[in-house]
Amino acid sequence: MSFLEDATATASALQAYADHAQSRNGPVIDQQPIARLTSDLELDNLIAAGGLEGERLSRFVEDYLSASTRLHHPRYMAHQVAVPVAHSAIAGMIDSFTNNAMAIYEMGPAAAAVEQAVIRWMLAKVGWTATGDAQPLGAGVLTHGGSLANLTALLAARARIDPDAWAKGPSKRLVIIGTSASHYSISRAAAVMGLGAKSVRLAPADAFGRLDSGALPEFIAGLREEGLTPMAVVANACSTALGLYDAIEPIAAACRNEGIWLHVDGAHGASALLSPRLRALLHGIELADSIVWDAHKMLRSPVLCGAVLMRDPAALDSAFAEEASYLFHDKDQPGIDTIHRTIECTKAALGLKIFFALAHGGEAAITATIERQTDLAIEAAAYLRRVPNFEVAAEPETNIVCFRFGGTDDLQIEIRRRLTKAGQFYISTTEALGRRWLRLALMNPVTDMADIEALAREVAAIGASM
Ligand SMILES: *Cc1c(COP(=O)(O)O)cnc(C)c1O
């Protein structure tokens with residue numbers, strides 16, 4: 001079979017998979033044991049003998065899709081991973097086919113141009129203008145996800161306060177200021193940087209984990225008295241568990257007074273910048289030194305597409321100080337290399353997936369979805385508050401809703417376990433406010449209130465049976 005015939009057949013199978021999931025027939029999740037899947041999919045045989053084309057490919061795709069978790073199902077409400085714009089899968093195919101690993105311009109001029117356009121679009125949403133404009137302000141690069149983007153931002157923060165740390169290791173006892181609501185990739189970054197995960201110090205916050213900017217100066221003074229050097233404050237926009245935004249502007253003011261780098265972790269929530277109505281949640285974001293923004297969460301791009309943006313273009317260049325003579329040397333340069341600015345050496349054409357997600361319906365379509373999902377979360381929370389024995393953790397600011405049914409923390413875990421096993425609903429759980437919650441991330445544009453009401457009935461039925 002030719003590539004063209006196989007690709008066409010696969011596209012039809014994908015469309016049927018999405019249509020079937022969207023019709024609410026069948027489960028959203030069905031986790032078969034890995035040994036059974038390995039055998040049913042005949043993985044070892046196919047690796048050894050080949051033949052994955054034509055009829056055999058169609059059968060494989062069918063089996064693979066039937067064992068896949070259905071993000072297209074309206075009752076997928078579990079994680080912050082996008083239900084991608086279908087056309088952005090075409091970007092994935094173009095990228096995989098051309099394989100233009102574009103971190104150096106000569107390996108992918110078109111991909112580099114697309115990445116640059118996406119970055120400029122993001123910078124403009126923040127209120128910055130990209131290098132090359134009359135008043136250059138802001139620079140950025142795409143990375144394989146928000147965790148690498150957070151690490152990149154923190155490396156730049158460290159380079160500012162301790163420039164020799166790259167070569168010689170830290171010359172000061174550096175700490176990063178976060179909160180209990182910071183994403184774990186922040187403490188991972190601290191550990192990777194050799195600062196130790198415990199160098200993330202938790203600043204005073206309200207019960208919901210929102211950083212208390214008023215208490216920040218005293219907290220910073222206390223760290224300095226301990227002989228520590230705060231290298232960055234990390235603000236959540238929004239937090240992962242509850243989806244709540246820190247108040248960026250007063251945090252930025254405190255950071256400016258103290259001469260400390262402000263990093264805004266907007267992996268999930270920076271997309272609210274698109275909405276004239278929601279962007280107030282990010283008020284003051286242009287005062288940050290660095291921002292992380294994932295496209296594979298609210299911009300409906302396939303995984304993985306993260307962006308790290310910095311106000312000072314030179315700061316981004318300082319994050320990595322490595323030289324590789326076969327890559328970095330004088331050459332004709334009609335475009336831009338991004339390899340100096342990323343952990344990755346070989347890099348996928350990440351911008352293409354974001355571009356396709358945006359350019360299919362235009363940014364108005366994505367904006368409408370972000371607003372719709374936020375409205376749905378607010379309506380869901382209001383509804384869940386009214387159901388007997390249900391409690392809601394916080395008024396949603398994004399598409400995330402945390403709630404619980406009755407009794408104990410263990411009950412929430414057991415409810416989620418039974419839901420997941422039955423497979424008709426797929427939700428997550430989290431800890432916040434000192435307790436365990438059931439958690440919805442309403443990523444799917446076809447999820448509606450009837451799905452939330454059906455979920456509540458199911459949760460109540462499971463809870464009452466225990
Ligand atoms: C999802 C998330 C991350 C991690 O991003 P990945 O793309 O999954 O690596 C970091 N911070 C916050 C606030 C997030 O929501």
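Just so you know, ligand 1 is whichever comes first in the structure, and atom 1 is the first atom listed for that ligand.
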Apply side-chain hydrogen bond (donor to acceptor under 3.5 Å, both in side chains) to Glu371 and list each qualifying residue two or more places apart in sequence or on a separate chain. Ser275
Just wondering, are more than 12 heavy atoms of other shown residues or ligands nearer than 6.0 Å to CZ in Arg188? no
Check: Ser68 main-chain N/O paired with Arg70 side-chain donor or acceptor under 3.5 Å: yes
Does Asn399 use its side chain to pair, donor to acceptor, with the backbone of Thr374 at less than 3.5 Å? no
Salt-bridge present (Asp409, Arg435; N to O < 4.0 Å): no
Those protein residues which place at least one heavy atom below 4.0 Å from ligand 1: Gln80, Gly145, Gly146, Ser147, Asn150, His183, Ser185, Cys238, Thr240, Asp265, Ala267, His268, Asp294, His296, Lys297
Over 60° means perpendicular and under 30° means parallel, so classify the ring planes of His360 and His87, tilted if in between. parallel
